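Atoms within each ligand, like the ligands themselves, are counted from 1 in listed order. In this text, all values refer to a predicted model and were calculated from it rather than measured experimentally.
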Amino acid sequence: MATMESLIGLVNRIQRACTVLGDYGGADGALPTLWEALPSVAVVGGQSSGKSSVLESIVGRDFLPRGSGIVTRRPLVLQLHQTEEGQEEYAEFLHLRNRKFTDFSLVRREIQDETDRVTGRRKQISPVPIQLSIYSPNVVNLTMIDLPGLTKVAVEGQPESIVSDIENMVRSYVEKPNSIILAISPANQDIATSDAIKLAREVDPTGERTFGVLTKLDLMDKGTNALDVLEGRSYRLQQPWVGIVNRSQADINKNVDMIAARRNEREYFETSTDYSHLASKMGSEYLAKLLSKHLESVIRSRIPSITSLINKTIDELEKEMDQIGRPVAVDPGAQLYTILELCRAFDRVFKEHLDGGRAGGDRIYGVFDNQLPAALKKLPIDRHLSLQNVRKVVSEADGYQPHLIAPEQGYRRLIEGALSFFRGPAEASVDAVHFVLKELVRKSIGETQELRRFPSLQAELAAASYEALERFREDGRKTALRLVDMEASYLTVEFFRKLPQEMGNLQGYGQGPRSKSRSQPRPGPRSQPKAKVTAKAKPKVKPKAKVTAKAKPKVKPKDQRKRRLLLLIDILRGISGG
Ligand SMILES: Nc1nc2c(ncn2[C@@H]2O[C@H](COP(=O)(O)OP(=O)(O)OP(=O)(O)O)[C@@H](O)[C@H]2O)c(=O)[nH]1
């Protein structure tokens, strides 16, 4: 017997592993799971059929929640482990590994609490099982799954769909060919109307794997008996029917303990005129032994298929492992090395986005090629350099004076004012590049194969990158604005003195008049300064810091700077049309 007992123990261990790994059959039935390959006893019955009483009687303990309405709302996987005589009885939940329950009323409360934890207070049902192990000298090795009672009507506060939800959940357990069905029906009801038998007949029409249990024999009308059912004439099953007498509600109220209840049940059958000839094959103790023996033999017959499923699963897992990659080292030094390696992998992908190889970095060109010029064109330069405003600014700054060269103060203000318009578009370009880079970080993290199995590192990496980009944006913005300010402030007296002369030199430089529609052709190229900005920003599409660093022009020789300003004035004039 020792080998057989350890068989159930082995299956129990596999079952616990399944629950931990989230494998509890799954109602979608897409793949054969290990859980489904394991034989187990599913307990099915209508409400108040005596299901809880049978389970408690098999365990020999009061431990199941009681109450009105639908009390069992999650499957309860009950694993019974027989221990040596004299050992202390205790229970243990899979979700509370390190706690031994010796007080079974606390087991009851924990089942209730754990049910609510998943289903919420609205009394919904959930297919996620609760796993409870009971270690006791008074049990046989057996695993049973208590399922919600089949019901016909939803009670207050429960959705209408709960009736069919329960039926579907119960069916998903009993339809598996490896499931042994414990179908519980009360004897004081017509067996033809039993919810349990109805469902069992549907999923196991030949009655091979259904054990019929008849409860409440003591509540039958006087002068009637259940022999037609118990002797297999009413409804034939391959397995023998077992009659049960549980504690009545009055017994429960009087706290009749389970050991006394078992004794009363034994006495009931031995002294019954109707059933004494069947006494040795009746009662909850006999039912427990019968089920245990049957479960063992089923497990034994299924071992080859379980073994092959496990081997197949191992093969698949190993293949998956190969794809996922090497195990991560445990010591901090090696871990740091791994993390740096992963960061480098990300860096590589990010660079490819910027330098080519992967799409996305080209959008930075778009900022300088399209967005910035478009924004510059929209600036209200026309209004600023309108004849009216020029006159106003010049007269405010210089007064009416007969200038020899130029109204210098007025020019200064006009140029400064016009340049300050550039601040907005300059800042906007920084923001636009920032946005593109942020998007590339997100994309690169998603595309870095090596990071696939490290979601936390992915999040850390994204956070660190965003933080750095944010800093770079601030730097970039400051630099861009400083650039504009520099251009605006670098106007020397010398510059104005040489202005007419340089204007002369510039004639013919560049591509000629700005617009053919202009009546007066203006000398000088207009796109040159813009081209400079983009030329600086474009080729070095690198992480943010680099971009802004490149956008910042090196301090140029004086005359080059001056020439650019002249060109700018020329453009401004060209835009303003006068
Ligand atoms: N006299 C007598 N009463 C029984 C017997 N079996 C169950 N009862 C009583 O019937 C009532 C319902 O029994 P439960 O074991 O709670 O039935 P259940 O199917 O688990 O009920 P729900 O979980 O509410 O669906 C309780 O009051 C039990 O005391 C029996 O064999 N004889």
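Annotation: Y466, atom OH; neighbour count of heavy atoms from other residues, nucleotides and ligands within 6.0 Å is above 12. By the neighbour-count criterion of 12 heavy atoms within 6.0 Å, atom CZ of R109 is sparsely surrounded, having that number or fewer from other residues, nucleotides or ligands.
Counting heavy atoms closer than 4.0 Å to ligand 1, residue T72 contributes nothing at all. Residue contacts with ligand 1, taken as heavy atom pairs separated by less than 4.0 Å, do not involve R66 at all. Both the backbone and the side chain of N246 come within contact range of ligand 1, each with a heavy atom under 4.0 Å.
Closest to atom 32 (N) of ligand 1 among all protein heavy atoms lies D218 OD1, 2.9 Å. Atom 11 (C) of ligand 1 has K216 NZ, 4.3 Å as its closest protein atom, hydrogens excluded (heavy atom only). When hydrogens are left out, the protein atom nearest atom 20 (O) of ligand 1 is S52 OG, 2.5 Å; that is the closest non-hydrogen contact. In this structure, atom 29 (O) of ligand 1 lies nearest to the protein heavy atom R247 O, 2.9 Å. The protein non-hydrogen atom at the shortest distance from atom 21 (O) of ligand 1 is S48 N, 3.1 Å. For atom 26 (C) of ligand 1, the nearest non-hydrogen atom of the protein is Q249 OE1, 3.4 Å. Residue, atom and distance of the protein heavy atom nearest to atom 15 (O) of ligand 1 are S53 OG, 2.5 Å.
For F93 and F101, the ring centers are positioned less than 6.0 Å apart.
Ring-plane geometry between H81 and Y135 is classed as parallel, the angle between the planes falling under 30 degrees on a 0 to 90 degree scale with a further cut at 60.
T210 and D204 share a donor-acceptor pair across their side chains, judged by distance under 3.5 Å alone. Side chains of T115 and R74: a donor-acceptor N/O pair is absent below 3.5 angstrom, by distance only.
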